[in-house]
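The structure presented is a predicted model; accordingly, all values stated were derived computationally and were not measured.
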Amino acid sequence: MNHPLPPPADGLTAPTAGLDALRWSNAFARLPEHFHTRLEPTTLPDPYPVAFSSDAAALIGLPASAATQPAFTEVAVGNRVPSGAEPLAAVYAGHQFGVYVPQLGDGRAILLGGVQGPAGLWELQWKGAGKTPYSRMGDGRAVLRSSIREFLCSEAMHGLGIPTSRALSIAGSDYPVFRETTETAAVVIRMAPSFVRFGSFEFFYWRNLHDELRLLADHVIDNFYPECRAAGDGARPYLALIEAVARRTARLMAHWQGVGFCHGVMNTDNMSILGLTIDYGPFGFLDAFDANHICNHSDDQGRYSYAQQPGVAHWNLYCLGQALIPLIGDVEATQAALETYKDAFAQAISAQFNAKLGLRDTHDADTGLTETLLGLLDAQRVDWTIFWRQLARLPAQSQGPATDAPVRDLFVDRDAIDAWLRDYRKRLAAQSSVDAERAARMNRVNPKYILRNHLAETAIRQARGDDGPRDFAEIERLLDCLRRPYDEQPHYEAYAGLPPDWAGALHLSCSS
């Protein structure tokens, strides 16, 4: 169970067990100075605790009780560096909306270091802890609004079984931060085994720093892909790395498409070398299904729309492959390794949708069945999440309009969905589907609860105190619900309904 933090006590206690007692292992800090800049976070006045994930804390062996200490809030907001940490900001480059930017880097993120915990190595990173050499024109800060969204979605994606960075805590301050309006500052501590990105390799490639490029590739292979060493000598480990990253990225894209998740900013600097979902900015989950949905108000051309995500991932992998060519020395072999993505994604997305449909095996006709359904959902703007949960209740043999109503009533064109349901039932009959067993399978892959924009917005408004005293309880309730998104949770039934009309007016942009 996750619990909200208590109000901070007056004064700052001395360092306690908690973060100071963790086993710090700062492998990234051992890389040469070209890779990062060492620096301290910038303090914030009068910090207060906002949220804490005991599930994430358990990964690094941090007891939940540590979060009740004022000293933890001081670390969480970046006012104190825990013993053993080595703060730094990493440099990287990247293609942003298809245009190469030669230097980006951690503009508002500062890596504390790595922690060896019960679940292996996890790097901890402040987001919003002040300016770095890579902030460009930014202030290095994050606001409470975006921090709540990142915290909740990081943990929600884990609940969905999707590879992701995690979120340990949020600490806030009433220090003003200027975006479209004046907001207040907050800092998230986020966690991942590594925050190395595709753009990390691009930085060294485009600057012809091939020795550093090799160091980075070896760091990633030795720490996260040791099986690639077994591929052989010379260029083979680097080709194996491309193939491994391509497969992980393909599986990640299939996961995203399956639950209707839109990242919003799939630049190469936001693509994890470990195949994780990272950098939660203007993300969103589909409400009404729209294959061309754009969740990022800044994405005027729809480059990162829902339908484009798998193709963009492949394009981004080509940027990674290009960056690794100096280590491989063979363009054709690199291209062949990159093509691993196509087959891996085709297999993953087929398996994803067959599971969503409750099918135990795969037939050639299943692709047509899925594509026809997606066309109907798109044309009718049917709620993505609700549809799949209702489909699980459909009996394999028609028992009349009443039993089909939970699905049919989601569509305006009843004839069209009736025709599809006849084909679907034929497919179920061919595998002698048992209703209860199929429903159980479907409900294990089709979530009932997702972090809809309006749910996050409600938590944000209450946390800011828009209409009353500041209240963080809604963050805790959502966190608790989204830990088990596939389960029936009657006490959270309200979170599973259709979004209210005002949800359609919410706009998300790259500004946070």
In terms of heavy-atom contacts, E202 and T268 come closest through OE1-OG1, 2.6 Å
Given the rule in the ring pair (Phe, Tyr, Trp, His ring centres under 6.0 Å) test, do H293 and Y306 qualify, once you have shown the distances and angles that lead to the verdict?
-> CA-CA 6 Å; H293 176 70; Y306 169 82; 8.6 Å; no
Taking C-beta and beyond as the side chain, do R414 and D409 meet within less than 4.5 Å on heavy atoms?
-> yes
Are R438 and D435 close enough for a salt bridge, meaning some N to O gap below 4.0 Å?
-> yes
Looking at Y449 and Q489, what are the two nearest heavy atoms and their distance?
-> OH-O, 2.9 Å
What's the shortest heavy-atom distance between L377 and F411, and which atoms?
-> CD2-CZ, 3.7 Å
Do P193 and F224 have side chains that get closer than 4.5 Å, going by heavy atoms?
-> yes
If you draw a 6.0 Å radius around CG in D466, do more than 12 non-hydrogen atoms from other residues or ligands fall strictly inside?
-> yes
Are K127 and D106 close enough for a salt bridge, meaning some N to O gap below 4.0 Å?
-> no
Which pair of non-hydrogen atoms, one from V445 and one from A355, has the smallest distance, and what is that distance?
-> CG2-O, 3.5 Å
Could you give the distance from CH2 (W256) to OG1 (T277), rounded to the nearest 0.5 Å?
-> 5.0 Å
Considering non-hydrogen atoms only, spot the tightest contact between H95 and W315 and give its length.
-> CD2-CH2, 3.6 Å
Which value, rounded to the nearest 0.5 Å, describes the distance between Q399 atom CD and L394 atom CG?
-> 9.0 Å
Check: P499 main-chain N/O paired with R452 side-chain donor or acceptor under 3.5 Å = no
Taking 4.0 angstrom as the limit, do R190 and D279 come out as a salt bridge?
-> yes
Listed by chain and number, what are the ring-ring contact (aromatic ring centres under 6.0 Å, His included) partners of F285, not counting sequence neighbours?
-> F261
Pairwise side-chain contact, L508 with H297, heavy-atom cut-off 4.5 Å (strictly under) = no
Going by heavy atoms in the side chains, are Q352 and H255 under 4.5 Å from each other?
-> yes
Please determine if D467 and R461 form a salt bridge, counting it only when a charged side-chain N lies under 4.0 Å from a carboxylate O.
-> no
Which atom pair, heavy atoms only, marks the closest approach of I294 to S305?
-> CG1-CB, 4.0 Å
Any side-chain heavy-atom pair of L62 and F52 under 4.5 Å | yes
Just by modelled atom types, is the N446 backbone N or O under 3.5 Å from a matching donor or acceptor in the R389 side chain?
-> yes
Go through the steps for S165 and Y280 under the test side chain to side chain donor-acceptor pair (under 3.5 Å), then give the verdict.
-> CA-CA 9 Å; S165 58; Y280 291 93; 5.0 Å; no
Is there a side-chain contact between T362 and S350, using heavy atoms and a 4.5 Å cut-off?
-> yes
State whether K448 and D487 are salt-bridged, where the test is any N-O pair (Lys NZ or Arg NE/NH1/NH2 against Asp/Glu carboxylate O) under 4.0 Å.
-> no
Has Q397 got more than 12 heavy atoms of other residues, nucleotides or ligands less than 6.0 Å from its CD?
-> no
Would you call E183 and R141 a salt bridge, taking side-chain N to carboxylate O under 4.0 Å as the test?
-> no
G258 backbone acceptor or donor facing W384 side chain under 3.5 Å = yes
Charged N to carboxylate O below 4.0 Å: is that the case for D361 and R427?
-> yes
Taking side chain as C-beta onward, heavy atoms only, is Q380 less than 4.5 Å from I417?
-> no
Under the ring-ring contact (aromatic ring centres under 6.0 Å, His included) test, which residues partner Y495, sequence neighbours left out?
-> Y492
Should Y304 and H263 count as side-chain neighbours, where that means a heavy-atom distance under 4.5 Å?
-> no
